[in-house]
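All remarks here apply to the structure that follows.
FYI, side chains are in, hydrogens and waters are out, and symmetry mates aren't considered; it's all heavy atoms of this structure. In each ligand, atom 1 is the first atom listed, and ligand 1 is the first ligand listed.
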Amino acid sequence: QQIPADANFHSTSFSEADQPRVLITGGLGQLGVGLASFLRKRFGKDNVILSDIRKPPEHVFLSGPFIYSDILDYKNLREIVVNNRVTWLFHYSALLSAVGEANVSLARAVNITGLHNVLDVAEEHGLRLFVPSTIGAFGPTSPRNPTPDLCIQRPRTIYGVSKVHAELMGEYYYYRYGLDFRCLRYPGIISADSQPGGGTTDYAVQIFHDAVKHGRFECNLEPSTRLPMMYIDDCLRATLEVMEAPAESLSMRTYNVNAMSFTPAELAQEVLKHVPEFQITYNVDPVRQAIADSWPMNFDDSNARKDWGWKHDFDLPELVTTMLNFHGSESR
Ligand code: AKB
C-alpha cells in the first residue's frame, strides 16, 4: 500500500520559503561540478556543498563550499548533514559500468554499501534524496527498442545490479518510511568541460576532443552500436526539475529520461559536417561492447514527459555544434 506522499516526512525547523541546503556526494565525477554551479545559480552559492574523498582542483575549491565526505563512513556523513543543516542530498558517488567490472568488490562497496549509508542518513534527517540510475539498470532480457520504465531488469554488470538495487531500496524507503526519494535513469551523458571515467558511453565524449585536436578518433564500440544519449545541460535541468516537481505529480519515483539515440557511425557523420578531414577507426573493447549490446537502444521516457513535463533541448545536431565549439575555442 502506498503511503500518501509527504505523509511521513520529518519536520525540520525551516519554513517552506527557505532555500534547500544541498549536499552533493561524489562531486568530482563527471556531473558534480556542473550540478553544483547550476544549483548555486538557483539556491545561492553557500547553500550548495560539493563533496568528495579527493582533493579538488583550485577553481572548484574557489567556486563554492567544498568538503571531505566519505559515503562509506556513516558518522562522517551524518556529521556533515547535521553541521550544515542539509535538506537535499544528490548522491553521485558510484563506479561506472566498465570500471566496475574491473573492480567488483570496490564497486559493490561504493555502489551498494555507500547507498545504504546515504538512504539511512536521508531517512534519519528527513532529506529529499536524489540518486541517479542509468540505462545500465537494464540487461539483455529487457526490451531494448524501446525500453519502458517498467519491464524486466536483469543487468549483467555490477554497476547495473547496484543501480537496480538503489532503485528498489529507494522506493522501499519511500513506501515504508515516507523518504522523499527521487531517481532518474540517465542515458549516456555528454559533457564538454568534465570527463566521465570508466563508462561504456565515454566514447561519445572523447570523440569531440580528438576530432578537434587530432582530426581522427579510435572508437572502442562497433559502428552500429545504438545507445541513448543526452547533453549535460539537459541532464542537469532534468535533475532539478524532478527534484522540484510537486510530490503529487510523480506517479512513480524512478523515471527514464532521454534526449536522443545514435550509433558511433551516425555521430561520426555529424562530426564530419564540421570537421571535413575527420576520420574514425574502430578498435573494439570486448568488455564495453558486451555491455553496450545488453543496454537499451532507444529509451521510452514518456512517463517523465507526461508527469512532470520533461522536454529535452539538445538533439544530435545541436549537441555536435556545441561540443565542437567548446573544444574548438579551447584549442585556439
Ligand atoms: C556508463 O557508460 O557506464 C555510464 C552510464 C550510461 O550509466 N555513462
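Of all protein heavy atoms, the one closest to atom 8 (N) of ligand 1 is T201 OG1, 2.9 Å.
Residue contacts with ligand 1, taken as heavy atom pairs separated by less than 4.0 Å, do not involve Y186 at all.
Close approach to L96 involves these atoms of ligand 1, each under 4.0 Å from a residue heavy atom: 3 (O). The ligand atoms of ligand 1 that sit less than 4.0 angstrom from a heavy atom of T200 are 1 (C), 2 (O), 3 (O). Each of the following atoms of ligand 1 lies closer than 4.0 Å to a heavy atom of W295: 1 (C), 2 (O), 3 (O), 6 (C). With ligand atoms numbered from 1 in the order given, ligand 1 contributes 6 (C) to contacts under 4.0 Å with heavy atoms of I135. Against a heavy-atom cut-off of under 4.0 Å, T134 is close to the following atoms of ligand 1: 5 (C), 6 (C), 7 (O). Of all the atoms in ligand 1, the ones that sit under 4.0 Å from a non-hydrogen atom of S97 are 1 (C), 2 (O), 3 (O).
Of the charged side-chain nitrogens involved, none lies within less than 4.0 Å of a carboxylate oxygen, so that D210 and K213 do not count as a salt-bridged pair. Between R185 and E167 there is a salt bridge, since a side-chain N of the basic residue sits under 4.0 Å from a carboxylate O of the acidic one.
In this structure, R253 is not positioned above the aromatic face of F181 in the sense of NZ or CZ being under 6.0 Å from the six-membered ring centre and within 45° of the axis.
Under 3.5 Å, the side chains of N258 and Y186 contain no donor-acceptor pair of N or O atoms. Using modelled atom types, one finds a donor on one side chain and an acceptor on the other under 3.5 Å when comparing T225 with Q289. A donor and an acceptor atom, one from each side chain of Q206 and D202, are nowhere located under 3.5 Å apart.
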